[in-house]
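Accompanying notes for the structure given below.
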2 protein chains.
Amino acid sequence: MRIFNFSAGPAVLPTPVLEQVRDELLDWHGRGMSIMEMSHRGKDFTGVIEEVEADLRELMGIPANYKVLFLQGGATQQFAQIPMNLLAGRSADYVLTGSWSKKAYKEAQRIGDVRVAGSTEADRFTRAPRADELQFDPRAAYAHICTNETIHGVEMFELPEPPAGVPLVADMSSHILSRPMDVSRYGLIYAGAQKNIGPAGLVIVIVREDLLGKALPTTPSVMDFATMAEHGSMLNTPPTFGIYLAGLVFKNLKAQGGLAAVEEANIAKANLLYSAIDGSGGFYVNPVEVASRSRMNVPFTLADPALDADFLAEAAARQLSGLKGHKSVGGMRASLYNAMTIAGVEALVDLMQDFAARKA
Amino acid sequence: MRIFNFSAGPAVLPTPVLEQVRDELLDWHGRGMSIMEMSHRGKDFTGVIEEVEADLRELMGIPANYKVLFLQGGATQQFAQIPMNLLAGRSADYVLTGSWSKKAYKEAQRIGDVRVAGSTEADRFTRAPRADELQFDPRAAYAHICTNETIHGVEMFELPEPPAGVPLVADMSSHILSRPMDVSRYGLIYAGAQKNIGPAGLVIVIVREDLLGKALPTTPSVMDFATMAEHGSMLNTPPTFGIYLAGLVFKNLKAQGGLAAVEEANIAKANLLYSAIDGSGGFYVNPVEVASRSRMNVPFTLADPALDADFLAEAAARQLSGLKGHKSVGGMRASLYNAMTIAGVEALVDLMQDFAARKA
């Protein structure tokens, strides 16, 4: 029996993908061993990783002048690794839109010179910034944004436009593959796998080739994007199982019709939930400005926080899991990643309406 | 059908462990979700990681004044991460006994001041060094060794003894858990998972507490051992699936009777294979000095390399896989990790004897 898992990450994976993983776990494609037990340098696994990359390139329309890297350490390691690779003695600009972009900024301070190009913290991170609030340094090595803030539930639908020559670097961990994105507008995109891609322990970096080769001399070899690009992400042993599973997720998205179809489904799920919140007469509240509401992470509070525990208990009784909000914002959070079905959102909305009718 | 997989890593895992992973893949312990889909901060997963650590502590007899860290990036990232954490403005000594210790040394050079305390390269890395060949710096921050060289098949059964106050730091990637080790003789032990522990993408670090808190200020937070120890390896999302699977491997080793019983089985497997090599009248040759022969990785050459391809083809026909030697040394290599059964080694020895009888 599978329940509805609204966890922010690690998060729900597509059931058909997990069924395939289970069915071939002890014997991948008749090879007499698990994919996990296979040499990463053998032709079976190199075939897998090449296909995973090709499918990701097709799904996202990644231009030929971008490298795709399969790395470890999650987005948090990238918070340091990106300035190590891109700063090159200059400074970088950070746009603060929530907990994650703020963490990225603080971590980058350990590595070099960084500055804040704009922040919505005064509005408690409830919206994406307006263009006129951002002051970019035209000499910045890059401008960093987080295009979906997992904790605050803020998604960027309009991209900031830094000055010419300043590449945008985006943490897309919690909404990559949720809709088509124009990769060519970014210098670098990164995403931890454990939301829309696969299991924790894999992070994907998509980087424009001209940004490679500027790493600080003290950068560990496995953290130098240029070195990893040169070695096809296999300077050392990559997280093979996570890469394999990501590949199955990519096939699953392709079978659904690609990211345009995925976006349509995600809009339907998000609309259903936000309508329930907004139609509750204030019983449920989402604090985010409508135009910046994340389709992936929907934080909401109950008007009476004393009811939180009851709500979570009733959710659990209905097989709805992972709804407790992040401790920094409280209340509830429903994460509606690609693998969350509309049936799951319907079940949640049923609970919300039923609960409100009884408790309001 | 499962074949005999002699791959050096990623490598064979215990079949009963993989069966359990398969059986609970879609629904872990009745929770309605995979272990991969679970929040790392929920009580289910925190229970898992605590038990994994407790089992490892019991298996290895890890003293209370050592921290156990579950990290990412493999041993290769540790090659840089260890000097970042331990050098503290001093220099470190490296003992070179094969490809891996040499890589560790070269990578450490990117971070700080390191020197060679001794090397067996003049003997083509065919033995562990003698005590009188090693010159340690008494002011070194640490002395680094690789206690089992995966490529050269050299295992240390006697530990070097650096001067008082210089902690031993050991890469045990390819033989950790293969026999009892006295952890208290080391300042730090590290091991990539993909040989005797679990899937690639997890690296375990066991570090004495007094060595923590000396990281370079530019060390990324997730790479600072003290920070990760403080956060129970969960400053960021850990590789949850790999940790879970490692835990099943640890339970499996405990069920076998612990590391003393495991060592006995490993001695029997290694003896069987080395006897076949040494009893072949020179048809097969292992170049390593007898006292330094690895029980885990057994490289051997055929007297006539023109027969290599035939040997590998016959091995494949008998369902013996992963025997091709590392490109840097050629010939064959059989890795006899814990999960390789004696039946697998018997099948290999049968092939070797049969092949030699026909081709000699």
Side-chain angles (χ1 to χ4, degrees), chain A residues 1-3 5 7-13 15 18-19 21-23 25-27 30-34 36-40 42 72-77 79-81 84 107 110-111 192 194 198-202 217-223 235-242 245 319 321-322, chain B residues 1-3 5 7-13 15 18-19 21-23 25-27 30-34 36-40 42 72-77 79-81 84 107 110-111 192 194 198-202 217-223 235-242 245 319 321-322:
Chain A
M1 208 267 305
R2 303 256 301 157
I3 68 173
N5 176 7
S7 186
V12 59
L13 290 164
T15 301
L18 291 175
E19 285 168 346
V21 172
R22 174 196 65 198
D23 293 345
L25 197 85
L26 277 90
D27 183 4
R31 299 303 193 278
M33 63 179 80
S34 175
M36 280 181 266
E37 300 172 284
M38 230 164 247
S39 169
H40 54 298
Q72 299 183 52
T76 305
Q77 187 169 307
F79 294 166
Q81 196 165 336
M84 284 166 128
E107 186 70 17
R110 301 171 76 92
I111 307 303
Q194 68 272 18
L202 169 67
T218 53
T219 305
S221 307
V222 285
M223 292 172 72
L235 180 71
N236 62 339
T237 313
T240 54
F241 179 76
L245 205 153
Q319 312 294 340
S321 157
Chain B
M1 206 266 305
R2 302 258 299 156
I3 67 173
N5 175 7
S7 186
V12 59
L13 290 163
T15 300
L18 291 176
E19 285 168 345
V21 172
R22 175 196 64 200
D23 293 346
L25 196 84
L26 276 90
D27 182 4
R31 299 303 192 280
M33 65 179 79
S34 175
M36 279 180 266
E37 300 172 283
M38 229 164 247
S39 169
H40 55 296
Q72 299 182 52
T76 305
Q77 186 168 308
F79 294 166
Q81 198 166 335
M84 283 165 127
E107 187 69 18
R110 299 171 77 92
I111 308 302
Q194 68 272 19
L202 169 68
T218 53
T219 304
S221 307
V222 284
M223 293 172 71
L235 180 70
N236 62 339
T237 314
T240 54
F241 179 76
L245 206 154
Q319 312 293 342
S321 157

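All values derive from a computational prediction rather than experimental measurement. The chains referred to below are lettered A, B, ... by the order of the sequence lines, with proteins before strands, and numbering in each begins at 1.
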Which portion of A:Ser321 sits near chain B, non-hydrogen atoms under 4.5 angstrom
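The answer is the side chain of A:Ser321.
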
A:Met36 portion near chain B, given a 4.5 angstrom heavy-atom threshold
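The answer is both parts of A:Met36.
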
Measure distances from [X] to the heavy atoms of chain A and classify the residue's part below 4.5 Å as side chain, backbone, both or neither.
X       : value
B:Met38 : backbone
B:Gln81 : neither
B:Ser39 : both
B:Gln77 : both

Nearest-0.5 Å distance that lies between atom CZ in B:Arg2 and atom CD in A:Glu37:
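If we round to the nearest 0.5 Å, B:Arg2:CZ and A:Glu37:CD are 4.0 Å apart.
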
Rounded distance (nearest 0.5 Å) linking atom OG1 of A:Thr76 with atom CE of B:Met223:
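That separation rounds to 13.0 Å.
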
Is there a side chain to side chain contact (heavy atoms under 4.5 Å, CB included) between A:Met33 and B:Ile3 once you walk through the steps?
CA-CA 7 Å; A:Met33 63 179 80; B:Ile3 67 173; 3.9 Å; yes

Just checking, any donor-acceptor pair under 3.5 angstrom between side chains of B:Glu107 and A:Ser221?
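Indeed, the side chains of B:Glu107 and A:Ser221 share at least one donor-acceptor pair under 3.5 Å.
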
Please determine, among [options], the option with the most heavy-atom pairs under 4.5 Å with chain B.
options                             : value
A:Pro220, A:Gly42, A:Ala75          : A:Pro220
A:Gly242, A:Ser34, A:Gly74, A:Ala11 : A:Ala11
A:Gly32, A:Gly30, A:Gly201          : A:Gly32

A:Leu26 and side-chain contact (heavy atoms from CB on, under 4.5 Å): which partner among B:Leu13, B:Leu18, B:Val21?
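Looking at B:Leu13, B:Leu18, B:Val21, the match for A:Leu26 under the side-chain contact (heavy atoms from CB on, under 4.5 Å) is B:Leu18.
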
If you tally heavy-atom pairs under 4.5 Å against chain A, which of B:Pro217, B:Ala8, B:Gly73, B:Gly9 wins?
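Winner by heavy-atom pair count: B:Gly73.
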
